[in-house]
Trainee: 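Here it is: the structure, laid out below.
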Amino acid sequence: MIKLVQVEKYFRGRPALSIAAYTFERGGRYALMGPNGSGKSTLLRLLAGVLRPDAGEIRVEGLAADAIGYMPQFPYIFGFSVLKNVLIALPAGGAERRTARAAALQALERLEIGHLAARPGGTLSGGEKQRLALARMLVRPRQLLLLDEPTSSLDRAGTLLAEQVLAECARQGCALVMASHDQGQAQRLARTVLLFESGRLAGEDQF
Amino acid sequence: METLKEIIDLLCGADGELRLIIATTLRMSFTSTLIATAIGIPLGALIGLFAFPGKQLAVRFCNTLMGLPPVLAGLLIFFLLSRSGPLGQYKLIYSVTAMVLAQILLITPIAAGLTQSIVAAKAPQIRETARGIGLSGARLLGYVLYECRRQFGSVLFTGFGRAISEVGAAQIVGGNIQFKTRILTTAIVQETNMGHFQKALALGLVLLVISFIITALAQFLLAEQET
Ligand SMILES: Nc1ncnc2c1ncn2[C@@H]1O[C@H](COP(=O)(O)OP(=O)(O)OP(=O)(O)O)[C@@H](O)[C@H]1O
Ligand SMILES: [Mg+2]
């Protein structure tokens with residue numbers, strides 16, 4: 001699905017990520033683990049197309065651009081309403097227009113923040129913002145979800161809820177690539193754990 | 001005290017000249033600010049938000065124009081509009097329209113430059129998030145403009161402050177013609193040159209009060225929005 005060949009990324013001349021060869025398979029579930037600054041976010045940004053590699057190639061095969069959802073480590077929440085924050089992830093016009101509102105509300109309900117739909121985005125707590133970012137990504141059908149520590153601000157219940165929702169997506173065939181510092185979460189959600197150290201792939205575990 | 005009496009005399013004067021001068025000043029300042037920000041803010045947002053080849057150059061160009069000397073802007077518009085200039089046929093030289101054009105030339109880069117730096121501060125995070133949910137192009141630009149609307153208020157006032165206090169360009173392309181293109185600043189220069197210091201001072205005070213009222217009003221309106 002996504003093939004990396006000789007990929008290198010530098011920041012100010014210092015290598016941040018270097019991967020000789022790796023392939024993410026269709027429908028796979030990957031957890032990216034490793035200490036702070038080891039290159040997890042950099043890899044997700046490269047996969048999402050936010051960053052371009054300085055060397056090598058990232059080949060995306062058989063995936064439409066809008067079938068990929070990416071949630072940054074610190075998602076931006078707009079000042080307008082929570083509902084509108086979700087609506088902006090849907091196409092603006094056309095036939096979907098009528099159903100957009102219902103779809104957005106349903107996505108919010110799934111993350112149990114339906115009651116916040118009318119609140120201005122700026123007034124949400126950290127965890128509520130993270131739930132909103134998840135709802136916004138999931139409002140459209142996706143074939144690949146790139147998630148950068150999607151539960152880092154969530155309480156215990158919220159974490160389990162988010163995991164349930166993501167597992168449901170995975171059951172429907174959506175591939176997951178997710179950075180996490182939580183070993184238990186990686187084991188619950190992933191089939192493959194990639195371990196990063198100083199920008200290099202230091203290990204790979206399969207369950 | 002005498003200055004105050006002078007102001008009252010001027011304001012109540014039978015010929016109403018001061019009222020006309022104030023009206024012309026406001027008309028010129030408002031019109032030019034509105035047009036300049038209508039161009040400058042979206043332009044600055046485009047430059048600040050999107051990555052494109054030549055972006056650095058665009059930013060530098062903008063910043064250079066922000067410091068464009070008013071006299072030079074006036075001269076440029078003068079050459080364009082003067083009878084023998086390329087737009088001479090429209091007979092716009094020494095009109096309020098000419099003054100508005102000169103102010104637009106001065107304020108648009110300021111609006112674009114300020115907007116660029118406002119938007120650029122949020123751009124990386126917004127761009128990354130937008131990319132992740134498939135939001136792009138004109139829609140994204142629209143939301144970013146909406147997101148920064150409060151800061152654009154101060155862009156508007158900066159532009160207005162520039163327009164209402166500017167004298168060099170207005171003098172060159174307006175010509176300070178009585179009952180036609182005379183505005184507060186050019187009138188002040190004229191009275192000073194003629195040795196009517198009392199009157200010049202009175203006009204200066206009027207200018208100060210108008211700026212103050214408009215700034216205070218604006219701050220009040222912006223503060224209302226916050227709550
Ligand atoms: N925009 C940038 N400019 C300069 N250096 C950067 C930039 N982004 C990342 N880096 C550096 O690249 C390295 C990898 O960063 P990355 O964000 O990928 O780490 P991470 O594994 O996601 O860490 P964390 O667990 O803290 O989120 C770090 O040393 C970081 O300082
Ligand atoms: Mg990270």
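Proteins get letters first, then strands, A, B, ... in listed order; numbering begins at 1 in each.
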Trainee: Is it true that, when you exclude B:Phe30 itself, more than 12 heavy atoms of the residues, nucleotides or ligands shown sit nearer than 6.0 Å to its CZ?
Mentor: yes
Trainee: Quick one: does A:Tyr70's side chain get under 4.5 Å of B:Glu128's, heavy atoms only?
Mentor: yes
Trainee: Which atoms of A:Leu90 come close to chain B, meaning under 4.5 Å heavy atom to heavy atom: side chain ones, backbone ones, both, or neither?
Mentor: backbone
Trainee: Flag yes if more than 12 heavy atoms outside A:Arg188 fall under 6.0 Å of its CZ atom; otherwise flag no.
Mentor: yes
Trainee: Tell me whether the count of non-hydrogen atoms from other residues, nucleotides or ligands lying under 6.0 Å of OH in A:Tyr22 goes above 12.
Mentor: yes
Trainee: Looking at A:Tyr10, I want to see if its OH is surrounded by more than 12 non-hydrogen atoms of other residues, nucleotides or ligands under 6.0 Å.
Mentor: no
Trainee: Please indicate whether B:Phe212 has more than 12 foreign heavy atoms, meaning atoms of other residues, nucleotides or ligands, lying under 6.0 Å from its CZ.
Mentor: no
Trainee: Picking from A:Arg136, A:Met137, A:Met71, what satisfies side chain to side chain contact (heavy atoms under 4.5 Å, CB included) with B:Thr129?
Mentor: A:Arg136
Trainee: Around atom NZ of B:Lys55, are there more than 12 heavy atoms from other residues, nucleotides or ligands closer than 6.0 Å?
Mentor: yes
Trainee: Quick one: which of B:Lys122, B:Glu147, B:Arg127, B:Gln125 has the most heavy-atom pairs under 4.5 Å with chain A, could you say?
Mentor: B:Glu147
Trainee: Would you mind telling me which of A:Ala65, A:Gly49, A:Ala48, A:Pro75 has the largest number of heavy-atom pairs within less than 4.5 Å of chain B?
Mentor: A:Gly49
Trainee: So, for A:Phe78 and B:Tyr146, is the gap between ring centers shorter than 6.0 Å?
Mentor: no
Trainee: Heavy-atom distances under 4.5 Å only: say whether A:Ile88 touches chain B with side chain, backbone, both or neither.
Mentor: both
Trainee: Look at atom CD of A:Gln106 and say whether more than 12 heavy atoms of other residues, nucleotides or ligands are closer to it than 6.0 Å.
Mentor: no
Trainee: Taking the side chain as everything from C-beta on, heavy atoms only, tell me whether A:Arg140 gets closer than 4.5 Å to B:Ile133.
Mentor: no
Trainee: Using heavy-atom distances under 4.5 Å, tell me whether A:Leu51 contacts chain B through its side chain, its backbone, both, or neither.
Mentor: neither
Trainee: Counting only heavy atoms from other residues, nucleotides and ligands, does the tally under 6.0 Å from CZ of B:Phe50 exceed 12?
Mentor: yes
Trainee: Let me confirm one number: the CG-CG distance from A:Leu87 to B:Leu135, rounded to the nearest 0.5 Å.
Mentor: 11.5 Å
Trainee: Which atoms form the tightest heavy-atom contact between A:Val50 and B:Arg131, and what is the distance?
Mentor: CG2-CG, 3.9 Å
